[in-house]
Amino acid sequence: GAVVSQHPSWVICKSGTSVKIECRSLDFQATTMFWYRQFPKQSLMLMATSNEGSKATYEQGVEKDKFLINHASLTLSTLTVTSAHPEDSSFYICSARVQGHQPQHFGDGTRLSIL
Amino acid sequence: GDSVTQMEGPVTLSEEAFLTINCTYTATGYPSLFWYVQYPGEGLQLLLKATKADDKGSNKGFEATYRKETTSFHLEKGSVQVSDSAVYFCALSGESGNTPLVFGKGTRLSVIA
């Protein structure tokens with residue numbers, strides 16, 4: 001079946017550091033990728049949608065200068081959390097699909113802890 | 001806009017008990033409906049789906065039927081196991097298929113031996 005690989009799975013770093021998370025579709029071409037954030041014991045909050053080769057579309061309230069998304073190829077999207085602070089600590093999950101098709105396939109998530 | 005409402009948890013059951021997790025939706029047209037499962041510390045895995053009214057999705061003993069008349073997609077399993085302990089998310093995709101999934105808030109299931 002469709003596989004989405006997300007890396008790293010766990011990051012611990014100091015406040016002020018920028019952190020990059022990669023999301024790869026391993027066996028299909030993902031024209032559309034999504035980035036979600038999940039707080040403990042809560043549902044997924046959509047942060048942004050990116051289509052390959054286009055600028056990401058951010059959800060209301062998500063700072064695009066804080067959360068930089070790049071989707072330069074059909075198999076790779078990256079989320080960079082710039083100048084991370086403790087309040088950015090969370091579980092980030094990426095998802096990918098072929099445009100116009102369902103379902104979305106999810107990575108295993110990245111747990112980000114900012115000290 | 002489209003929305004999904006699922007029963008609040010947590011749900012605690014004994015092994016071999018019957019499971020129902022209710023899910024209802026609001027959407028225009030004919031959305032596709034999904035159940036995803038999230039095991040501790042992991043991402044989401046697609047459990048089952050249904051793309052049109054009266055379709056029944058099934059997988060690993062779980063099943064759910066797309067009921068247009070009641071706008072529901074309840075998840076059921078006849079006999080749960082400890083390994084089924086996880087968070088279950090009901091989700092829908094709009095009719096066009098080009099919008100992100102809309103998720104319910106999730107229901108945490110704990111199965112005790």
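A note on names: the letters A, B, ... follow the listed sequences, proteins ahead of strands, and every chain is numbered from 1. Treat the numbers as computed from the prediction; the structure is a model and nothing was measured.
Other residues, nucleotides and ligands contribute over 12 non-hydrogen atoms within 6.0 Å of the CD atom of B:Glu15. In B:Lys56, the NZ atom is not crowded: 12 or fewer heavy atoms of neighbouring residues, nucleotides or ligands sit closer than 6.0 Å. Other residues, nucleotides and ligands contribute more than 12 heavy atoms inside 6.0 Å of the NZ atom of A:Lys66. For A:His7, the NE2 atom counts as loosely surrounded, since its 6.0 Å shell holds 12 or fewer non-hydrogen atoms of other residues, nucleotides or ligands.
Put simply, CG on B:Leu44 and OG on A:Ser95 are 8.5 Å apart, with the number rounded to the nearest 0.5 Å. Residue A:Phe106 holds its CZ atom at 9.0 Å from CG of B:Leu46, rounded to the nearest 0.5 Å. With rounding to the nearest 0.5 Å, the separation of OH in B:Tyr36 from CG in A:Leu44 is 10.5 Å.
In this structure the side chain of B:Tyr39 never reaches within 4.5 angstrom of the side chain of A:Asp108, judged on heavy atoms.
Only the side chain of A:Gln38 comes within contact range of chain B, with at least one heavy atom under 4.5 Å from a heavy atom of that chain. Contacts of A:Gln42 with chain B are made by backbone atoms alone, with heavy-atom separations under 4.5 Å and no side-chain atom involved. Residue contact with chain A, scored on non-hydrogen atoms closer than 4.5 Å, is absent for B:Gln45.
Residues B:Leu109 and B:Phe73 are members of one and the same hydrophobic cluster, defined by side-chain heavy-atom contacts under 4.5 angstrom among Ile, Leu, Val, Met, Phe, Trp and Tyr. When the side chains of ILVMFWY residues are joined at heavy-atom separations under 4.5 Å, either directly or via intervening members, A:Met33 and A:Ile93 end up in two distinct hydrophobic clusters. When the side chains of ILVMFWY residues are joined at heavy-atom separations under 4.5 Å, either directly or via intervening members, B:Trp35 and B:Phe89 end up in two distinct hydrophobic clusters.
Nearest heavy atoms, A:Phe91 versus B:Glu42: CE2-O, 3.6 Å. Scanning all heavy atoms of the two residues, the minimum distance from A:Ser43 to B:Gly104 falls at OG-O, 2.7 Å.
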